[in-house]
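Predicted model only: the values in this text are computed from it and were never measured. What you see below is based on every heavy atom in this structure, not just the backbone, and it leaves out hydrogens, waters and symmetry mates.
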Amino acid sequence: MTTSASTSANPSLDPHKFLENVLGPESLEWVESQNSACLSKFGEPTQTEDYKRLLAIMDSKDKIPSVAQIGSPSDGYYYNFWQDDKHVQGIWRKTTLESYRTNSPEWQTVLDLDALEAPTTDTASTWVWHGSTLLEEGPGESKWDRALIALSPGGSDADTTREFDLVKEKFIDEEDGGFAMPTAAKTSIAYRSREEVLVGTDFEGDGSSMTDSGYPRVIKSWKRGTPIEDAKIIFEGEKSDVSVGQYSYFDRDGMCHEFQYRSLTFYTTKYWYRTLSSEQIVTSPSDEEATPFIPIPIPEDAEISTFGSDAMITLRSDWTPPGSDTLYQAGALISAPMNDVMNDQWTSVTCLFQPTPTKSLQSTTTTKDYVILSVLEDVRTALEVWKCGETTGNWKLMPAEENAVTVGESLRFGNVNRDSAVDNRVFLWRDGYLIPDTLELCDAGSLAVTEPLKAKPAMFAAEDLCVDQHFCNSKDGTKIPYFVMRKKDIVLDGTNPTLLDAYGGFEISMLPGYAAGVGAAWLEKGGVKVIANIRGGGEYGPAWHQAALKSKRNKCFEDMEAVAQDLIDRKITSSEKLACIGGSNGGLMVGNLITRPIASKLFGAAVCQVPLLDMKEYSHLLAGASWMAEYGNPDIPEEWAFLRHFSPYHMLRHDNLGLAEEGVESTVKNPDWVCPKVLFTTSTRDDRVHPGHARKMVRSLLEEAQPLGKAPEVHYWENVEGGHGGAADNKQRAHMWALTYSMLKQTLGLKE
């Protein structure tokens with residue numbers, strides 16, 4: 001079958017486009033009808049045992065409260081944000097370390113979100129905690145008495161900001177000189193001094209001070225006690241930038257670093273730098289400071305931070321610095337005196353980490369004297385520790401534990417104090433897919449000696465469960481690792497309901513972590529859960545990510561097809577018993593898997609969460625423009641040529657259904673294609689990935705594919721709150737996941 005289309009921009013070519021109007025009456029009526037149909041099919045999630053179990057896990061008082069100290073190491077309180085059945089939106093609370101060590105800490109409530117007046121923004125009815133930014137005034141000067149509190153209406157990325165008095169434990173009213181931004185926007189705001197904040201937001205309300213990606217483009221100096229309309233512009237970027245910013249902070253030697261940056265793309269940034277004294281920061285506002293910013297001479301795809309007077313530079317591509325004979329590989333971490341860096345002198349470089357084909361740098365934790373490197377080797381964590389010497393640029397590699405974890409387990413570090421430079425204490429977290437979290441306190445200089453603080457009890461029965469790690473070859477021969485969580489006595493007969501999860505983008509790694517919800521709702525019942533570490537992620541460093549960028553995006557999907565086929569070949573499962581799941585970029589992956597000719601035959605079911613699906617329009621919707629470095633620019637014909645091949649919306653409508661496509665003749669390229677049974681979930685309040693992606697895909701499947709027998713079951717659930725996470729509180733999260741597991745169990749035949 002062949003159909004032709006007009007080359008003009010004809011709205012009839014996309015009859016589902018009206019669903020991009022997020023709050024339009026016709027759109028919301030359609031959403032309501034789909035939500036109702038979904039619940040009619042799978043039942044009310046709140047009445048299921050899964051919902052009750054999942055909510056109990058999320059609200060459990062046995063969860064380990066993550067804390068961070070604010071103030072002096074000797075007497076500062078330890079703060080925690082907490083949600084449970086009594087604190088649905090959450091409380092910010094504090095305790096002492098002595099009390100925290102006990103089984104029943106005595107908490108003092110600092111801020112109760114449930115006690116605040118509810119937001120009135122669109123469909124939002126609850127507040128979602130977006131964190132606090134502290135006022136830091138330098139060594140020996142900080143009073144730690146002020147914070148900027150960010151609260152989101154309904155969970156959107158856009159949030160409000162109000163200044164908070166940490167001593168009196170109340171918001172500071174504007175008439176008393178408090179900084180306040182009551183209108184929700186994608187804002188960046190931080191203290192420069194007690195009397196000045198640096199702020200970027202939608203100042204005029206018309207988007208002119210924002211980038212095409214929807215993030216701040218203009219940064220202003222805002223003085224205490226003045227209206228924001230009087231704030232002075234101090235830095236501007238281009239509309240085409242992803243984001244723009246300026247920030248300052250005090251480091252270990254008391255010096256103040258100040259940076260400006262323009263994020264040109266998601267992975268490239270231009271930096272400018274100046275160093276100031278603490279007196280200059282206090283007495284000379286940014287719009288009056290005469291010390292110039294100087295461009296930092298590093299590659300645009302490198303990232304920079306500081307450790308005292310040293311620069312810390314992480315590379316995303318191979319680099320030989322000027323005047324040097326040494327090649328530093330993509331993924332390396334190097335250090336050099338900041339003065340040398342600014343003078344483009346590279347004779348005193350220390351390489352703190354050099355990657356290998358199987359080893360990559362996952363994260364860096366800094367303390368007063370140490371740098372702790374968490375290193376992945378075939379997705380297993382190892383540690384490397386460096387100590388800063390007595391002089392600038394001097395580093396010493398310290399002994400560290402080898403083989404820090406076993407397969408399926410993980411560890412991570414967190415600073416005890418919000419100011420990482422004040423001491424060497426760190427929190428050490430351990431867990432695994434089947435291993436509940438534990439929390440220990442230790443010194444960065446002796447990580448083998450720890451004080452156990454907390455241990456979460458098991459949230460599901462794991463005695464008869466195990467974790468395996470397998471490798472399979474992708475289409476081009478690349479070795480792909482994946483983890484399998486399963487019953488020990490599983491029968492390899494291809495009948496085991498199996499859920500395959502992956503992400504494959506933005507250099508984000510899928511690492512082991514305690515999967516309480518998965519264990520309770522899926523593994524205990526005999527289901528198998530698989531985590532695939534496909535290309536596009538960060539498990540093997542920048543090269544692993546870059547192997548699936550733009551025109552090479554197909555590698556992600558070929559990797560998933562290889563893992564799925566390997567699971568079938570091992571007789572762990574079969575096509576009719578295998579489902580795939582993914583959210584956001586992972587939703588794009590799922591969208592491809594259900595529309596590709598090979599993958600759609602490998603899966604019996606799919607769950608597609610907060611997805612990107614229309615890759616022709618994505619860069620014009622919400623934050624989509626910021627991801628063009630990952631996917632490509634659909635407005636450039638040469639890039640649309642490859643984007644078209646992983647745009648699920650187009651693959652569905654034009655390749656699989658043969659519907660008219662603008663400017664080209666459309667032919668049914670995959671006549672045997674049939675969509676796996678699928679559930680789409682998203683959020684009306686998602687202001688990062690537009691809900692129109694999921695809405696349009698579902699309507700096309702229902703109205704254009706289903707009448708042809710090409711889409712047996714298509715289900716849709718849209719939460720009216722929740723932002724990009726899909727849910728704003730624990731009840732909403734439990735509802736969404738209970739619905740998801742109901743669909744999977746009914747579709748794959750997993751019995752309760």
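Relative orientation of the Tyr249 and His257 rings is tilted, given thresholds of 30° and 60° on the angle between their planes. Using the six-membered ring where Trp is involved, Trp92 and Tyr79 have ring planes that are tilted, between 30° and 60° apart.
With salt bridges taken as basic N to acidic carboxylate O contacts below 4.0 Å, none links Arg418 and Glu136. Between Arg252 and Asp419, none of the side-chain N atoms (NZ, or NE/NH1/NH2) sits under 4.0 Å from a carboxylate O, so this pair counts as no salt bridge. Between Asp423 and Lys368, no side-chain nitrogen of the basic residue sits less than 4.0 Å from a carboxylate oxygen of the acidic one, so the salt-bridge criterion is not met. Under a 4.0 Å N-O distance rule, the pair Arg380/Asp378 does not qualify as a salt bridge. A salt bridge links Arg430 with Glu440; the closest basic N to acidic carboxylate O contact falls under 4.0 Å. At a threshold of 4.0 Å, the pair Glu630-Arg553 counts as salt-bridged, since one of the basic side-chain nitrogens sits closer than that to a carboxylate oxygen. A salt bridge links Arg535 with Asp559; the closest basic N to acidic carboxylate O contact falls under 4.0 Å. Taking a cutoff of 4.0 Å between a charged side-chain nitrogen and a carboxylate oxygen, Glu236 and Arg217 qualify as a salt bridge.
Counting heavy atoms from C-beta on, the side chains of Met628 and Lys550 never come closer than 4.5 Å. In this structure the side chain of Phe164 never reaches within 4.5 angstrom of the side chain of Arg146, judged on heavy atoms. At least one side-chain heavy atom of Tyr503 sits under 4.5 Å from a side-chain heavy atom of Ser584.
The backbone N or O of Glu539 lies less than 3.5 Å from a partner atom in the side chain of Ser509, making a donor-acceptor pair. In terms of modelled atom types and a separation under 3.5 Å, the side chain of Lys186 and the main chain of Asp157 share no donor-acceptor contact. Using modelled atom types, no side-chain atom of Asp369 and backbone atom of Cys388 make a donor-acceptor pair closer than 3.5 Å. When atom types are taken as modelled, the side chain of Glu639 and the backbone of Asn633 share a donor-acceptor pair closer than 3.5 angstrom. Asp318 places a side-chain N or O within donor-acceptor distance of the main-chain N or O of Ala330, the cut-off being under 3.5 Å. Between the side chain of Arg224 and the main chain of Glu196, no donor-acceptor pair closer than 3.5 Å is present. Not one N or O on the side chain of Ser619 forms a donor-acceptor pair closer than 3.5 Å with the backbone of Ala625. Distance alone, capped at 3.5 Å, is enough to place a donor-acceptor pair between the Thr367 side chain and the Tyr370 backbone. Between the side chain of Thr211 and the main chain of Glu238, no donor-acceptor pair closer than 3.5 Å is present.
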*Phe266 and Phe506: CA distance, side-chain angles, deciding distance, ring pair (Phe, Tyr, Trp, His ring centres under 6.0 Å) verdict*: CA-CA 9 Å; Phe266 207 86; Phe506 296 93; 5.0 Å; yes
*asked:* Is there a ring pair (Phe, Tyr, Trp, His ring centres under 6.0 Å) between His545 and Tyr267? Walk through the geometry before answering.
replied: CA-CA 11 Å; His545 168 238; Tyr267 305 110; 4.9 Å; yes
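Between Trp272 and Phe259, the ring center distance fails the sub-6.0 Å criterion. With ring centers used as reference points, Tyr261 lies 6.0 Å or more from Phe235. For Tyr328 and Trp319, the ring centers sit 6.0 Å or farther from each other.
Between Pro512 and Asp431, the shortest heavy-atom distance links the atoms O-OD1, 4.1 Å. Smallest separation of non-hydrogen atoms from Gln69 and Gly76: NE2-O, 3.0 Å.
Summarising the geometry, atom CD belonging to Glu377 is positioned 13.5 Å from atom CD belonging to Gln362; distances are rounded to the nearest 0.5 Å. The structure places CG of Leu148 at 6.5 Å from OG1 of Thr161, a figure rounded to the nearest 0.5 Å. Here OG1 of Thr133 is found 11.0 Å from CD of Glu163. Values are rounded to the nearest 0.5 Å. Here the CD-OG distance, from Gln280 to Ser193, works out to 13.0 Å after rounding to the nearest 0.5 Å. Atom CH2 of Trp144 is separated from atom CG of Leu134 by 6.0 Å, given to the nearest 0.5 angstrom. How far OH of Tyr273 is from OG1 of Thr306: 7.0 Å, rounded to the nearest 0.5 Å.
Applying the 6.0 Å contact sphere to NZ of Lys94 captures more than 12 heavy atoms from other residues, nucleotides or ligands. Counting heavy atoms of neighbouring residues, nucleotides and ligands inside a 6.0 Å radius, atom CD of Glu279 does not exceed 12 of them. Atom NZ of Lys239 sits in a crowded spot, with more than 12 heavy atoms from other residues, nucleotides or ligands closer than 6.0 Å. Enclosure of atom NZ in Lys387 is not indicated, since only 12 or fewer non-hydrogen atoms of other residues, nucleotides or ligands lie within 6.0 angstrom.
Under a cutoff of 6.0 Å and an axis angle of 45°, Lys454 and Tyr100 form a cation-pi pair. Cation-pi check for Lys220 over Phe203 is met; the charged atom lies under 6.0 angstrom from the ring centroid and within 45 degrees of its normal.
A donor-acceptor pair shorter than 3.5 Å can be found between the side chains of Glu258 and Gln246.
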